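Some notes on the structure that comes next.
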Protein chains: 2
Amino acid sequence: MENEIIDFITSYIPLSGEEVSIIKEQNLIKSYNKGEVLLSEGEFSKECYFILKGCIRSYYLMDGEERTTEFYTENQSIRPVSYLTNQPSEYYLSCLEDCVVAVGSTERNKRLIERLPKLASLIMQMDSELLVQHQVSFDQFKHLNPEMRYLKLLETRADLFDRVPLYHIATYLGITAVSLSRMRKRISRK
Amino acid sequence: MENEIIDFITSYIPLSGEEVSIIKEQNLIKSYNKGEVLLSEGEFSKECYFILKGCIRSYYLMDGEERTTEFYTENQSIRPVSYLTNQPSEYYLSCLEDCVVAVGSTERNKRLIERLPKLASLIMQMDSELLVQHQVSFDQFKHLNPEMRYLKLLETRADLFDRVPLYHIATYLGITAVSLSRMRKRISRK
DNA sequence: CGAATAAATTATCTTAAGATAAGATCAGTA
DNA sequence: TACTGATCTTATCTTAAGATAATTTATTCG
């Protein structure tokens with residue numbers, strides 16, 4: 001499993017054999033069960049994640065209703081806002097499936113970067129990429145109606161529809177589960 | 001005008017007198033007239049901006065309609081996606097008012113960072129902050145209906161309503177100008 | 001000032017989403 | 001297998017947004 005992380009890192013920056021072993025000896029891989037909550041509202045997140053296997057969902061609790069903001073799957077990284085800001089988290093992270101995850105803690109990452117300064121540039125690149133992705137998906141979301149958002153999601157992340165309940169996808173699209181069901185019927189009639 | 005930039009930078013990282021003068025001698029301040037377009041769809045952006053005075057709007061052109069994605073005002077920085085990715089821009093940047101702007105070019109920034117390496121950490125911090133801001137505002141947008149978005153914008157950026165036409169604010173909120181007008185009437189009746 | 005243009009509102013009609021409640025279907029398991 | 005809870009669908013009603021066109025109000029500029 002460590003190999004996936006190494007592959008991911010070397011897709012950004014080259015690593016020597018020694019550097020690879022420094023990273024491998026960190027032992028940062030954890031498993032979580034379906035349903036486990038990695039972060040709750042109000043908590044301070046001290047960890048970031050890289051998903052090797054499984055699916056993690058982020059969501060807010062609004063008037064008792066869960067509002068999904070993201071589905072993270074294989075090879076995606078999660079950098080909780082709370083982790084970046086040292087403020088209490090506004091949202092939850094929980095596992096929709098059994099997961100295998102590479103976990104970085106604030107302190108361990110700091111120590112690791114001291115030993116391998118080039119990792120800092122990896123983080124910069126990842127942040128910059130995340131920034132771009134967010135901006136693009138926000139802009140898209142804002143200017144597509146729910147039906148177009150649904151069709152786009154079908155195109156870009158078809159896998160989600162096989163592994164995630166529709167009512168979570170509905171709130172992710174910004175609509176209710178009832179409305180999504182109705183929309184799917186409408187689309188299928190065409 | 002240079003002082004605003006120095007103030008902004010020193011709010012992140014301390015600068016010696018010498019460092020301040022290095023930055024000041026860069027002569028990176030430009031003025032633009034209302035209506036000037038700083039970036040067009042299809043162009044490669046080689047510049048990022050820090051607004052000292054005025055208001056710049058970013059927007060997509062969809063089926064001939066402008067869809068505003070952001071209003072940038074005093075003390076905000078603009079890092080175009082195209083600038084970050086070296087891909088052609090998907091959107092436009094244009095001045096809604098006469099503007100005074102600190103402009104950073106790819107090459108000049110590189111040279112500047114070579115002379116003042118600590119600026120790299122400033123950029124990292126700014127990217128990280130931007131990332132957080134985007135994520136928060138995306139999450140909010142997704143789970144508020146148009147009326148709540150409007151009320152929230154009134155709270156958080158009341159100044160925009162004095163300097164920006166409502167029909168731009170409408171597309172920024174993800175609705176039509178007609179719909180915004182109707183909504184305002186509805187709200188005022190309450 | 002007054003004409004031209006830009007910006008905002010109003011009206012009408014259509015369409016789709018929200019809320020709520022009630023069923024139907026599926027999946028895990030005692 | 002039959003029960004249970006989870007998931008998805010259907011129906012009804014209400015509300016608000018989209019499209020379009022017409023009109024009013026503001027702003028700009030010769």
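Every chain is numbered from 1 and lettered A, B, ... according to where its sequence line falls, protein lines coming before strand lines. Note that the structure is predicted; figures quoted are calculated from it, not measured.
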Look at all strands and tell whether B:Ser179 reaches a base, only sugar-phosphate, or nothing, counting heavy atoms closer than 4.0 Å.
->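 B:Ser179: backbone/sugar contact only, no base atoms under 4.0 Å.
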
Check this for me: does any side-chain nitrogen of one of [X] and [Y] sit under 4.0 Å from a carboxylate oxygen of the other?
X	Y	answer
B:Glu47	B:Lys30	yes
B:Arg186	B:Glu147	yes
B:Lys53	B:Glu97	no

Calculate the interatomic distance between [X] atom [atom1] and [N] atom [atom2]; express it in whole Å.
X	N	atom1	atom2	result
B:Glu65	D:dG18	CD	C1'	11 Å
B:Met183	C:dT10	CE	P	15 Å
A:Arg186	C:dT15	CZ	P	11 Å
A:Glu147	C:dA16	CD	C1'	10 Å
B:Leu144	C:dA17	CG	P	18 Å
B:Tyr150	D:dA17	OH	P	13 Å
A:Asp63	C:dG18	CG	P	14 Å
B:Tyr167	C:dT9	OH	P	13 Å

Side chain of B:Ser181 (C-beta onward), nearest among C:dG18, D:dC8, C:dT9 |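 That would be C:dT9.
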
The contact string for nucleotides 19-30 of chain D, one letter per nucleotide 5' to 3', using protein heavy atoms under 4.0 Å with B, S and - for base, sugar-phosphate only and none, comes out as BBB---------

Side chain of B:Ser82, backbone of B:Gln87: donor and acceptor closer than 3.5 Å?
->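 Here the side-chain-to-backbone pair exists.
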
Could you say whether B:Pro165 or A:Gly174 is positioned toward the 5' end of DNA chain C, judged by the nucleotide with the nearest heavy atom to each?
->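 Its nucleotide being nearer the 5' end, the pick is B:Pro165.
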
Does the pair A:Glu66 and A:Arg57 meet the rule for a salt bridge (Lys or Arg N to Asp or Glu O under 4.0 Å), with working shown?
-> CA-CA 11 Å; A:Glu66 297 181 357; A:Arg57 179 174 72 100; 2.6 Å; yes

Do B:Arg79 and B:Asp127 touch side chain to side chain, with heavy atoms closer than 4.5 Å?
->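 They are in side-chain contact.
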
Would you please confirm or rule out a distance under 4.0 Å between OP1 or OP2 of C:dT9 and any side-chain N or O of B:Lys185?
->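 No, outside the criterion.
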
What about the rings of A:Phe138 and B:Phe141, do their centers lie closer together than 6.0 Å?
->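 Yes, ring centres under 6.0 Å apart.
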
